[in-house]
Number of protein chains: 2
Amino acid sequence: MALRHALLAALLDRELSGYQLTKLFDLGVSSFWHAAAQQLYVELAKLEADGLLTGHEVVQQGRPNKRVFRLTDTGLEELTRFTLSTNKPTSIRDDLLVKAYAAAAADPVKLAEQLEQRSAQSRAKAEYLAEQLAKLLGGRSEHEYLTTADNIGPYLAGMRGRMYEEEQANWCAWAAAALRGRMT
Amino acid sequence: MALRHALLAALLDRELSGYQLTKLFDLGVSSFWHAAAQQLYVELAKLEADGLLTGHEVVQQGRPNKRVFRLTDTGLEELTRFTLSTNKPTSIRDDLLVKAYAAAAADPVKLAEQLEQRSAQSRAKAEYLAEQLAKLLGGRSEHEYLTTADNIGPYLAGMRGRMYEEEQANWCAWAAAALRGRMT
DNA sequence: CTACACATGTAAGCAGTTACATGATTTT
DNA sequence: AAAATCATGTAACTGCTTACATGTGTAG
């Protein structure tokens with residue numbers, strides 16, 4: 001299992017719809033757990049069938065209706081069990097880094113352009129995450145938040161995501177400059 | 001395809017055996033491309049069958065023999081084509097980060113212990129990568145190396161790996177401290 | 001009346017995981 | 001004589017990717 005626990009974690013203390021989860025996994029969680037939108041719906045159905053989640057129809061005005069999911073007691077137990085299990089090896093797969101590794105086989109300018117584009121994307125993602133983190137703090141100092149808030153999980157993980165995207169942006173810009181600096 | 005191009009990149013200007021590649025993917029490349037040892041052998045066989053690599057038996061004394069692989073012209077062309085292709089979305093999957101997200105469902109001490117353990121592992125990996133990078137420089141300044149070396153790819157990618165592991169180590173230590181700081 | 005955001009799925013195919021399997025050589 | 005490192009695979013299963021499919025409501 002895999003995506004399973006990421007979904008349970010995302011639903012730990014709130015109800016979210018499949019669509020809201022696709023947004024979360026695209027923007028907020030993608031720096032440490034990747035999942036395609038279609039797969040989320042498939043996995044949500046399985047989790048409901050397995051009794052780890054329950055879905056509830058929510059009628060909306062001005063929008064299509066949606067189904068929100070909530071953790072069951074069994075789901076919470078399963079999540080707790082997961083936190084005690086041994087970690088599977090971290091899996092990272094990034095085409096752009098492989099391309100950087102293969103720089104000698106690439107057109108330096110084309111590669112630099114890709115790096116600069118990614119740098120901008122990562123910078124934007126880092127800024128988005130910084131905003132989300134500030135919202136969580138809600139004016140409190142980090143120390144106060146970390147010692148008093150109920151659930152600091154999203155803040156902890158969000159910080160890692162922000163760091164990751166920031167460093168990615170910096171590295172991409174540096175690598176692009178290095179490649180451009182080699183042009184005659 | 002996927003692992004395919006990571007292997008071609010690793011063999012860009014050198015011959016390596018399957019076993020040497022497992023070590024490289026475990027230590028040097030794991031921060032941006034994950035692959036299990038078994039899968040490498042499977043993929044190497046496919047790449048050879050497809051004519052992108054050629055394998056040569058190397059008789060060794062004091063060790064079992066090995067087969068080293070070399071890029072063919074077709075393989076190099078394929079790698080160059082890859083550097084121009086559109087990137088698939090970066091895929092990251094890290095159990096430990098999901099556990100951090102689910103902190104509220106976890107035993108704080110047990111989670112902190114896992115984070116501290118990972119911090120040490122990442123620190124060690126960062127140091128190993130720093131050594132490898134220093135070897136590549138071979139006494140030269142970074143600027144000199146980047147402007148004059150033949151193939152700067154492994155240096156560029158290695159730097160990203162070092163940054164990643166260092167930041168991971170820092171974050172894990174910080175997150176563990178935050179969790180421990182909440183204990184009465 | 002077109003484009004965009006919201007909203008949710010199904011189905012085929014395969015890349016990658018998990019488990020199993022083997023053997024040489026050096027070091028302790 | 002055991003443990004560690006070197007060295008290379010096979011086979012079953014499945015989680016995930018890729019491609020396809022559909023429909024509502026808002027904004028320009």
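As a basis for the values below, the full set of heavy atoms in this structure was taken, side chains included, without hydrogen atoms, waters or symmetry mates. So that the names make sense, note that chain A is the first sequence line, chain B the second, and so on, each numbered from 1.
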Whether B/Lys99 engages the ring of A/Phe82 as a cation-pi pair (distance to the six-membered ring centre under 6.0 angstrom, angle to the ring normal within 45°) should be assessed.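 Geometry flag: set, cation within 6.0 Å and 45°.
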- Message: Can you confirm if the NZ or CZ of B/Arg182 lies within 45° of the ring axis of A/Tyr145 and under 6.0 Å from the centre of its six-membered ring?
- Response: no
Round to the nearest Å and state the distance from [X] atom [atom1] to [N] atom [atom2].
X	N	atom1	atom2	result
A/Leu44	C/dT8	CG	P	9 Å
A/Tyr41	C/dT10	OH	C1'	13 Å
A/Glu43	D/dT14	CD	C1'	11 Å
B/Lys66	D/dT5	NZ	P	18 Å
A/Arg93	D/dC16	CZ	P	11 Å
A/Leu16	C/dC6	CG	P	14 Å
A/Gln39	C/dA15	CD	C1'	14 Å
A/Phe25	C/dT8	CZ	P	15 Å

Could you tell me if [Y] and [X] have a donor-acceptor pair between their side chains, going purely by distance under 3.5 Å?
X	Y	answer
B/Arg123	B/Asn170	yes
A/Tyr155	A/Glu142	yes
A/Gln132	A/Arg162	no

Contacts of A/Gly62 and B/Ala37 projected onto DNA chain D by closest heavy atom; the upstream (5') one is B/Ala37
Worksheet entry | Whichever of B/Lys23 and B/Pro89 has its nearest DNA chain D nucleotide further upstream toward 5' |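 The residue whose closest nucleotide sits nearer the 5' end is B/Lys23.
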Under 4.0 Å: is that the gap between some side-chain N or O of [X] and OP1 or OP2 of [N]?
X	N	answer
B/His34	C/dT17	yes
A/Gln60	C/dA7	yes
B/Lys46	C/dA15	yes
A/Tyr19	C/dC6	yes

With a non-hydrogen cut-off below 4.0 angstrom, is B/Gln38 in contact with a base, only sugar-phosphate, or nothing?
base
Testing D/dG25, D/dC6, C/dT8 for proximity to the side chain of A/Pro64, the answer is D/dG25
Taking for A/Val42 and for A/Asn65 the nucleotide of DNA chain C with the nearest heavy atom, the one nearer the 5' end belongs to A/Asn65
